[in-house]
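Structure record follows, encoded as structure tokens.
Convention: sequence-line order gives letters A, B, ...; per-chain numbering from 1. Being a predicted model, the structure only gives us computed values, none of them experimental.
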Amino acid sequence: MTEQTYDNFADHYNFAYLDEQTKRMIRRAILKAIAVPGYQVPFASREMPMPYGWGTGGVQVTAAIIGANDVLKMIDQGSDDTTNAVALRGFFVKTTGVEATTKTSEATIIQTRHRIPEEPLKANQTLVYQVPIPEPLRKLEPRETETRKMHALEEYGLMHVKLYEDIAKYGEIATTYAYPVLVNDRYVMDPSPIPKFDNPKMHEMEALQLFGAGREKRIYAVPPHTKVESLDFEDYPFEIQKFEEPCALCGAENVYLDEVILDDKGARMFVCSDSDFCEDRRENGHVGHMAANPITESENRGADA
Amino acid sequence: MYVAVKGGEKAIRNAHKLMERDRRGDRSVPALELKQIAEQLYLSVSRVMSEGSLYDVELAALAIKQSRGDLIEAIFLLRAYRTTLPRFGYSEPIDTAAMLVRRRISATYKDLPGGQLLGPTYDYTHRLLNFKLAADGELPESVQAEYDAAEEIPRVTDLLNAEGMMEPDPQVPSDAVVGDLTREPMEFPADRDIRLQNLARGDEGFLLALGYSTQRGFGGSHPFAGEIRFGEVDVDFFVEELGFSVPLGRMSVTECQMINQFQGSTVAPPQFTRGYGLAPGQAERKVMSMALVDRALRCRELGEEAVAPAQDEEFVLSHSDNVQATGFVEHLKLPHYVDFQAELELVRRMRKDWQARQEVEAAQANGPVEEAAQ
């Protein structure tokens, strides 16, 4: 497969791949989604040149809103360098010629899978989420005909029963990602499979949040400054994950960490999942306890203990 | 050491190069030509055209070549290309009664107007490996028989219909708009036009298994293969500016009319009902399975109780598309370590709690015994 540039792509395809009629159809769905926060708007999702389940919903939303002057950041698992983020960023660079960045603060559109950046987003930014299963009630009720009714009637008892059963069984709500939220006091919404650590960032966010599910053909949205509450009980309030140690590379605390296994003897390190945030901190002189050489540091620590 | 998430771009580029090399295989062996695929692997081409929803033999052959014969990958390639094509409009309905028939069989009559025409089929062959093919033995030239193109070959369902035994073709008002599931998201309950479109694009293996399940008693509808025909039909297009239809060309299709016994209900008299299957190219297994599933899915309209998987519209239509299915199943290959980390943390904490509880329980169980011993 030869490398393609935007110039030779534009000879055969429209800007951002989709034709303008399709973009208009998607924009209408987006506007409706913004008007009814948390409501899943059906849209005529197209076949995209990447597989369903690999970000086709997010890609269609981004393709519908991107303009020549936008600056795009593409992340997967919080990182700009994961394989699918690289592939999707390449797709937009090729089909639009826009500038891509890894810097959260420089981006106007951030397309993400499974994370919200650590750095708070601003009013001129749009966060586009890739969504596998848009229906928060799907695991409780597999039928679309039923779940649409439940949303229409605001009938969310089943979800509360599920959370209650978790507490009865495990002593806590055993949902760690895709943790359901109530948007604008009306719709229960799936925040996409972000860790529940990220849920509070959605609340009253300054940036526009758009969610695209290509295979399931749904778009939904959280407009800026909208109330987003994670479901919980008064006596069992919602809590986010806590990590016992700071990032091993940049020393950041109160951020989401990835566990990296260093050898087959149980040595591991915890590092920022948001790779841009971590690099930025290191550039600014923050140093974690394993920043120099993770292996020897881990051995030394093992010897100390 | 911390390399797992770095270097993605170069790795992807190199992986694609390696894939291209493997696709070509040993360069001392001549490369496949599209014509060879189109001519000699026509049943593969048929399946790719049918489930890829694009009637183009050459592009289907290209997709098969590019995908190394992975037909679902080829179907995906064709779909992704199709979606970029401009839409001029919709053709007139094809008339399969006017088909130039290459094969036509009916299992419900010994003989019938137009006759039984076996045509090109593997039926009744002995499934013995033909080692002559391995030795590249060319076949003797076949003998052409005279063919009366003017001969009418009426559809079996029309013959039965004359007697009133068969449910009539559903009458659709001429201005009725046929749905298009490539342009509108599917909604439930879905009408038969959308259901048939979904099945026509549906995975052959999935439909085969569902159709088979109806025969084994999961939603049985006592089917007879009323007629299977394969041949060429004209495709006409109505041009607004001209005010009449013009022929666009011909296409090969396979059609199956399944005839099903029906006891009658509060809304319909006892009669035979139909299940329908149609696919581009030669695709008998596909259209027969499709017809069985189509009939099973008509349970609502015929007042039958929906109890089997094949009768469950939402289940069948939501899972029939192999491009969607393969995408979502295979997306599990993508990194999920953020969510996995969240689960790791939870399970570790739950194990700690569990262990603490076990220790407390063990202490309680041992406590009184030790005291007694003292």
Problem set entry | B/Arg348 atom CZ: more than 12 heavy-atom contacts under 6.0 Å | yes

For this session: Starting at CD of A/Glu144, measure out to CE of B/Met186 and round the result to the nearest 0.5 Å.
Result: 10.5 Å

Exercise. If you count the non-hydrogen atoms of other residues, nucleotides and ligands that lie under 6.0 Å from CG in A/Asn254, is the total more than 12?
Worked result: no

Exercise. Please walk me through it: do A/Glu259 and B/Tyr337 pass side-chain contact (heavy atoms from CB on, under 4.5 Å)?
Worked result: CA-CA 8 Å; A/Glu259 182 172 334; B/Tyr337 54 80; over 6 Å; no

For this session: Output the option from A/Ser273, A/Pro193, A/Gly214 having the highest count of non-hydrogen pairs under 4.5 Å with chain B.
Result: A/Pro193

Exercise. For A/Pro51 and B/Gly327, which heavy atoms make the closest approach, and how far apart are they?
Worked result: CB-CA, 4.0 Å

Problem set entry | Charged N-O contact under 4.0 Å between A/Lys217 and B/Glu184 | no

Exercise. Is it true that a side-chain atom of A/Tyr256 and a backbone atom of B/Val338 form a donor plus acceptor pair closer than 3.5 Å?
Worked result: yes

Exercise. To the nearest 0.5 Å, how far apart are CZ in A/Arg148 and CZ in B/Phe188?
Worked result: 11.0 Å

Problem set entry | Interface residue of largest heavy-atom contact number with chain B, from A/Met25, A/Met50, A/Gln21, A/Arg218, under 4.5 Å | A/Met50

Exercise. So what's closer than 4.5 Å to chain A heavy atoms on B/Leu332: side chain, backbone, both or neither?
Worked result: neither

For this session: Mark yes when over 12 heavy atoms from residues, nucleotides or ligands other than B/Arg68 sit less than 6.0 Å from its CZ; otherwise mark no.
Result: yes

Exercise. Considering only heavy atoms, which portion of B/Arg349 lies under 4.5 Å from any heavy atom of chain A: side chain, backbone, both, or neither?
Worked result: side chain

For this session: Could you tell me which residues in residues 169-177 of chain A have at least one non-hydrogen atom under 4.5 Å from a non-hydrogen atom of chain B, sorted by residue number?
Result: A/Tyr170, A/Glu172, A/Ala174, A/Thr176, A/Tyr177

For this session: For residues B/Ile12 and A/Thr83, determine if any side-chain heavy atom of one lies less than 4.5 Å from a side-chain heavy atom of the other.
Result: yes

Problem set entry | Over 12 foreign heavy atoms within 6.0 Å of NZ, A/Lys32 | no

For this session: Could you grab the distance from atom CD of A/Gln77 to atom CG of B/Leu334, nearest 0.5 Å is fine?
Result: 8.5 Å

For this session: Please state whether the side chain, the backbone, both or neither of B/Glu343 comes within less than 4.5 Å of a heavy atom of chain A.
Result: both

Exercise. Relative to chain A, which segment of B/Thr326 carries a heavy atom at a distance below 4.5 Å: side chain, backbone, both, or neither?
Worked result: neither

Exercise. Taking all non-hydrogen atoms of both residues, which atom of B/Phe328 and which atom of A/Gly53 are closest, and how far apart?
Worked result: CD1-CA, 4.1 Å

For this session: Verify, without hydrogens or angle tests, whether A/Glu47 (side chain) and B/Phe76 (backbone) share a donor-acceptor contact under 3.5 angstrom.
Result: no

Exercise. So, does A/Arg113 use its side chain to make a donor-acceptor pair with the main chain of B/Pro335 at under 3.5 Å?
Worked result: yes

For this session: For B/Arg357, check side chain to side chain contact (heavy atoms under 4.5 Å, CB included) against everything at least two apart and list the hits.
Result: B/Asp353, B/Trp354

Exercise. If you count the non-hydrogen atoms of other residues, nucleotides and ligands that lie under 6.0 Å from CZ in B/Phe206, is the total more than 12?
Worked result: yes

For this session: Under 4.5 Å, heavy atom to heavy atom: which of residues 309-320 of chain B reach chain A? Give them by number, or say none.
Result: B/Asp312, B/Glu314

Problem set entry | From A/Thr56 atom OG1 to B/Gln324 atom CD, the distance as rounded to the nearest 0.5 Å | 9.0 Å

Exercise. So, B/His331 and A/Arg215: side-chain donor and acceptor under 3.5 Å apart, yes or no?
Worked result: no

For this session: State, to 0.1 Å, how close A/Pro49 and B/Ala80 come at their nearest heavy-atom pair, and which atoms those are.
Result: CA-CB, 4.1 Å

Exercise. Without hydrogens or angle criteria, can the side chains of B/Glu345 and A/Gln241 be said to hold a donor-acceptor pair below 3.5 Å?
Worked result: no

Problem set entry | Side chain, backbone, both or neither of B/Glu330 within contact of chain A (heavy atoms, under 4.5 Å) | both

Exercise. Closest heavy-atom contact between A/Tyr17 and B/Thr83?
Worked result: OH-CG2, 3.8 Å

Problem set entry | salt bridge (Lys or Arg N to Asp or Glu O under 4.0 Å) contacts touching residues 318-328 of chain B (sequence neighbours left out) | B/Arg79-B/Asp321

Problem set entry | Heavy-atom pair with the smallest gap, counting every atom of B/Thr182 and A/Arg46 | O-NH1, 3.5 Å

Problem set entry | Close side-chain approach of A/His114 to B/Asp339, heavy-atom, < 4.5 Å | yes

